Amino acid sequence: MISFVVCAFNEEKYIKATVDTIYKSVNNVEFIEKFEIIIVNDGSDDLTEKNIQELKSDFKNITYCKNQKNLGIGASIKKGLEQVKYSKFMLLPGGNDIHADAIISTLKHFHSSDLVMPYPINTEDRSKFRNIVSKIYSLIYLICFDCCVNYINGTSIFPTEKVKNFKLNSNRHGIIAEIVTKLLYTDITYCEVPVYYKFPTKLRKTVTIKNLADVTISFMKLFIEMKIRNKNKVLRISKRKNIY
């Protein structure tokens, strides 16, 4: 059993395809018998809400919630997390950016560990600028928090209760790195799964002043929390599982 949390901002063209991709993926993994889809509309001003309502009438396992204005992906994830009822959840963008094959590969390792982290192996399909930003970002978390993982911002499968117990500071794009970092300092097991990513079908302005400010502030808060206030209390005790 798994919950899918889908954050959508102005995804009228893609939200239906995202739901179809989730169903296709689950249908290819026999041991997942029950699942739910929680769609968070992050203050869209197009036809996203109309399309979600149509999907909700067609599929009974869809839960819909909405931000009255655009608050950011972090705020939307926290809102969606409140609705999650299963022991694990997976984060997916509402733009159908993650190919079914990548989701299937990740889901097949559902039972391998508490945290299942996919990472792209086709990075040549991504722009040089985005690759540089991603590598620098990961390097910062490696240096400061010993997070030696391939892709700290991936669409991972997370343990629900652990994440619900965290006080999450980020309201935008820093939230996934914050969740992963905090999980790696708890008694969990984790594994990494190589996948082929389908990089965004539309231009997304992820490198904005608001997002940069959020990433910076959430990082500083995380550093203060884990490396200053709780320096002697927080130990990295997670264990990597070899899935091959």
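The structure presented is a predicted model; accordingly, all values stated were derived computationally and were not measured. Computation of the quantities below employed the complete heavy-atom set of this structure, encompassing side-chain atoms and omitting hydrogens, waters and symmetry-equivalent molecules.
Counting non-hydrogen atoms of neighbouring residues, nucleotides and ligands closer than 6.0 angstrom, the CZ atom of Arg236 exceeds 12 such neighbours. The local environment of OH in Tyr23 is crowded, with over 12 non-hydrogen atoms from other residues, nucleotides or ligands closer than 6.0 Å. Surrounding NZ of Lys227 are more than 12 heavy atoms belonging to other residues, nucleotides or ligands, all under 6.0 Å away. At most 12 heavy atoms of other shown residues, nucleotides or ligands fall within 6.0 angstrom of atom NZ in Lys13.
Leu92 and Phe59 fall within a single hydrophobic cluster, where Ile, Leu, Val, Met, Phe, Trp and Tyr side chains are chained together by heavy-atom contacts under 4.5 Å.
A heavy-atom distance below 4.5 Å is not found between the side chains of Thr160 and Tyr86. Side chains of Ile243 and Val193 form a contact here, defined as non-hydrogen atoms less than 4.5 Å apart. Looking at Lys128 and Thr123, their side chains never come closer than 4.5 Å, going by heavy atoms from C-beta outward. Contact of the Val195 side chain with the Tyr119 side chain is not registered, since no non-hydrogen atoms from C-beta on lie closer than 4.5 Å.
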Next item on the list: Take Phe219 and Tyr141, measure what ring-ring contact (aromatic ring centres under 6.0 Å, His included) needs, and give me the verdict at the end.
Entry: CA-CA 9 Å; Phe219 172 81; Tyr141 276 82; 5.5 Å; yes
Next item on the list: Could you check Asn41 against Thr48 for side chain to side chain donor-acceptor pair (under 3.5 Å), going step by step and ending with a plain yes or no?
Entry: CA-CA 7 Å; Asn41 178 5; Thr48 296; 5.4 Å; no
Note to self: Run Glu82 and Lys78 through salt bridge (charged side-chain N to carboxylate O under 4.0 Å, His left out) and show every step you take.
What the structure shows: CA-CA 7 Å; Glu82 294 174 357; Lys78 286 186 276 189; over 6 Å; no
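Inspection of the Ser218 and Asn169 side chains reveals no N or O donor paired with an N or O acceptor under 3.5 Å. Between the side chains of Asn230 and Tyr185, no donor N or O sits under 3.5 Å from an acceptor N or O. Asn67 and Ser76 share a donor-acceptor pair across their side chains, judged by distance under 3.5 Å alone.
Ion pairing between Lys167 and Glu225 fails under the 4.0 Å rule for side-chain N and carboxylate O. Ion pairing between a basic and an acidic side chain is recognised when a charged N comes within 4.0 Å of a carboxylate O; Lys50 and Glu12 show no such pairing.
Checking Lys241, His109, Arg240 one by one against Glu192, the side chain to side chain donor-acceptor pair (under 3.5 Å) holds for a single residue, Arg240.
Under the 3.5 Å distance criterion, the side-chain polar atoms of Asp114 are matched with a main-chain donor or acceptor of Thr189.
Seen from the ring of Phe110, Lys88 counts as a face-on cation partner, given the 6.0 Å and 45° thresholds.
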